[in-house]
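Here the structure is laid out as structure tokens; the discussion comes afterwards.
Atoms considered below: every heavy atom in the structure, side chains included; atoms not considered: hydrogens, waters and symmetry mates. Convention: sequence-line order gives letters A, B, ...; per-chain numbering from 1.
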Number of protein chains: 2
Amino acid sequence: MTPDLSISTLLKAYREGRRTPEKTILEVWARAAEDDPSIWINRPSLQHLQHYLRALEGESPDTKPLYGIPFAIKDNIDCVGLPTTAACPAWSYEAQESAYVVNLLIEAGAIPMGKTNLDQFATGLVGVRSPYGVPQNAFDARYIPGGSSSGSAVAVAKGLCSFALGTDTAGSGRVPASFNNLVGLKPTRGVLSCSGVVPACRTLDCVSIFALTAADAALVYNLTASFDEADAYARKRCMLREPAWPPRIGVPPMDQLDFFGNESAKRLFESAVKTVADMGWQIVETDISPFLNAARLLYEGPWVAERAAVISDLIAENPESILPVTRNIIKGGLKGTAIEAFKAQYRLAELKRISEATWNQADVLLMPTTGTIYTLAEVEDEPIQLNSNLGRYTNFMNLLDLCGCAVPAGFLDTGLPWGVTFYAPACGDALVLGCAGHFHSAVKLPLGKTTTPSSSAALPVIPAAEKKVPMMQIAVCG
Amino acid sequence: MTPDLSISTLLKAYREGRRTPEKTILEVWARAAEDDPSIWINRPSLQHLQHYLRALEGESPDTKPLYGIPFAIKDNIDCVGLPTTAACPAWSYEAQESAYVVNLLIEAGAIPMGKTNLDQFATGLVGVRSPYGVPQNAFDARYIPGGSSSGSAVAVAKGLCSFALGTDTAGSGRVPASFNNLVGLKPTRGVLSCSGVVPACRTLDCVSIFALTAADAALVYNLTASFDEADAYARKRCMLREPAWPPRIGVPPMDQLDFFGNESAKRLFESAVKTVADMGWQIVETDISPFLNAARLLYEGPWVAERAAVISDLIAENPESILPVTRNIIKGGLKGTAIEAFKAQYRLAELKRISEATWNQADVLLMPTTGTIYTLAEVEDEPIQLNSNLGRYTNFMNLLDLCGCAVPAGFLDTGLPWGVTFYAPACGDALVLGCAGHFHSAVKLPLGKTTTPSSSAALPVIPAAEKKVPMMQIAVCG
């Protein structure tokens, strides 16, 4: 049975003296050692972990909000003392210091249990593009785990940590959440620092959070959403000006949705919309074509040049060190011209402008996280097109500067989990977390692979923003 | 003698019945017909102007805030009924409707007196790169007028209109203001719509305003700063949150300034700093190296690809139709790769982040608008380097998302006018206009080529922003 390692459950046990961080860490370390080795690329030794446990001496959940909470780190995010591979051994380096967000988590008392497997260079939504093997989907090993943050998602679902960091450029923080029955928060771009993170598309990258509940994701978000001056793309934490609650939920007309033949997923989406309506929230039918058009820009457009910029030397010097599928995708980025790059940016600006009208009628959009899920065999047969299908409802998000929270919505006929995502404009993190939390509670599902019901979870609490950015009317007169 | 056509002067005369719009329009039309023909590329006929005059029947300065005010339009901005050439006859087209900002001005009662000459495709700061001749500098025909908005600046200085629209990507709205004793406002990027404007670098372009006084520029700004949904790069009008008044003025250390050997300009800058100090404003010595580094990116980096994107077809099909100097610059943009474009954007984001620290210690920066001014002969000898010298204090501004207002600071030993610019972050339009207005009043100079003293001018009034953008602290709780 998978233990419930949700943060609130662990902290409660620590507070009541029923558990110690040491016991938790030893247990999850040992369970990870016996479970699927493909989940991890590197795990610290028990001796190494003692260092973190010692730092908790004299502390408590009152002094360290993540006191003794085990977490996992996608292996394109630095953790001091461990290599960062980005799932490419030839590219690996020893991290000299931890990423900005990892440092914040460790300072808060969380304990890093290891570096997780991913689609190489975070390129993919499938979770099978790694020389370190394929992490097994937590529910059915015949199916893909989802990617690129495959190991992080599976580790949380299987109770090998309480939460995990991923990254999310095109959907890598949401797709594996959906396929492993988790909450996956893709925060507003830049609010979580990317210092110490291997870039995919540097103008679009986000650090993401996998958790069992929206409340856990909100807690981790609150502790990591801290402005990092050293990251040129960092932004001050912000909140949407109108605390629209309950929010108006924009839902696409069914003819704009493609479930790629998965009737069971379609029924789950219809049921999700009904759940929202039953919660008493207003449903607004919303045209999502500007979002779908933007999604296509991501891989068809010049942004793949950003991926190529990261590894152009490696492609030139040691092309064999990169998986063929990954190499072929990223090599496409070597060819584009600056004119094409700017023209695509113009096109994106136009789509963004068109998409903005959406937010006059809806506060939050509800979409499937993916249209369907595939087996390992299906993806092996058709690695590019099926990967692309999985990004239909995720690729546009960072391009259009949105934030979103993926949340479980139920189980497919096949027994695989499946989810939906709540989207809002940048600075709507509290809003999408709030939606995800209320929805999760209403759909009454088990958390991850545990038997704990989602309806028992606390709802997310988002405290005040780091800094208010009021705009005043002023007159400069003589 | 050059008449004082400042907006307030004309409106007062209309209100007191000492003038009619018809009389003004006839007079300035006739004076333009006798003056330097190189100022204009196209002027409407008197018959054509009757249409605008008739629209004022029954109106007054109380109903139309620019009632009967003549203005000029740089010929890369559309005005219905006239061709738009961008100073390239082969590229010319008949404007089917007016640019968004031109429409707003006409609706407010202003009357377009013609389309003004410019450096071809707005590429240049010299004002000599046009097949339509070189508009003579309003003060000394041996010197360059400055560009690219050469004709617009000269027309205002010579009393051929009350104000003029220019564009400003790299300094085209500030350099010619400086060289013709004018106020030149480069507003926050996107606040004035670019719909109906020929792009130079579409991600950076701004419509700019030439006026005799900061108060006039502020009035025109107030009437044109209206959000245009159709322009993907438009932004809602905004104001800096802190009405810092009097502002702390950042001034570069003298060793960061280069006057290219012009000792007279250096003395004028020192004198400008003294004027500010005498006004009782706090002076803060400020490192401007992040700004100077960003300035170099503009022409050395991939942004020239944006210029190439606009005319790549013309370059391929009819290269001879483009001036050699312009063609050679813009052709450079055909070569760049998408990787280079993204890498330069990363570099810019880093410089922007570094530059932001400046605004913790200063509210506004004061810099020379240009280090010096050149003769036509000098620029003919060395067309690229001297043009580049002129952009030292202007090129960085749109890249770093600043706004600025160029303002006269005095006359050089040669008798040529020379100016300084007040800079602030985006949304600081009111602040820089306020600084320029107070400074202009304090330096006591004639307005343009008139004998009206600047100290008699009203100070700019900036009313409330179109829309407040407050950010609230919210909690989404269960």
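- Neither the backbone nor the side chain of Lys352(A) comes within contact range of chain B; no heavy atom of the residue lies under 4.5 Å from a heavy atom of that chain.
- For the atom pair CZ (Arg307(A)) and CZ (Phe342(B)), the distance works out to 11.0 Å, reported to the nearest 0.5 Å.
- Interface remark: Ala234(B) contributes backbone and side-chain atoms alike to the contact with chain A (heavy atom separation under 4.5 Å).
- Contact count versus chain A (heavy atoms, under 4.5 Å) is highest, among Cys201(B), Ala349(B), Ala341(B), for Ala349(B).
- Ala305(A) approaches Ile339(B) most closely through the heavy-atom pair O-CG1, 3.5 Å.
- When each of Ala344(A), Gly437(A), Pro302(A), Ser441(A) is checked for heavy-atom pairs under 4.5 Å with chain B, Pro302(A) comes out on top.
- Between chain A and the residues Glu350(B), Lys343(B), Glu229(B), Arg202(B), the most heavy-atom pairs under 4.5 angstrom are made by Arg202(B).
- For Leu334(B), the parts lying near chain A are the backbone and the side chain together; criterion is any non-hydrogen pair under 4.5 Å.
- Heavy-atom distances place no part of Glu340(B) under 4.5 Å from chain A, backbone and side chain included.
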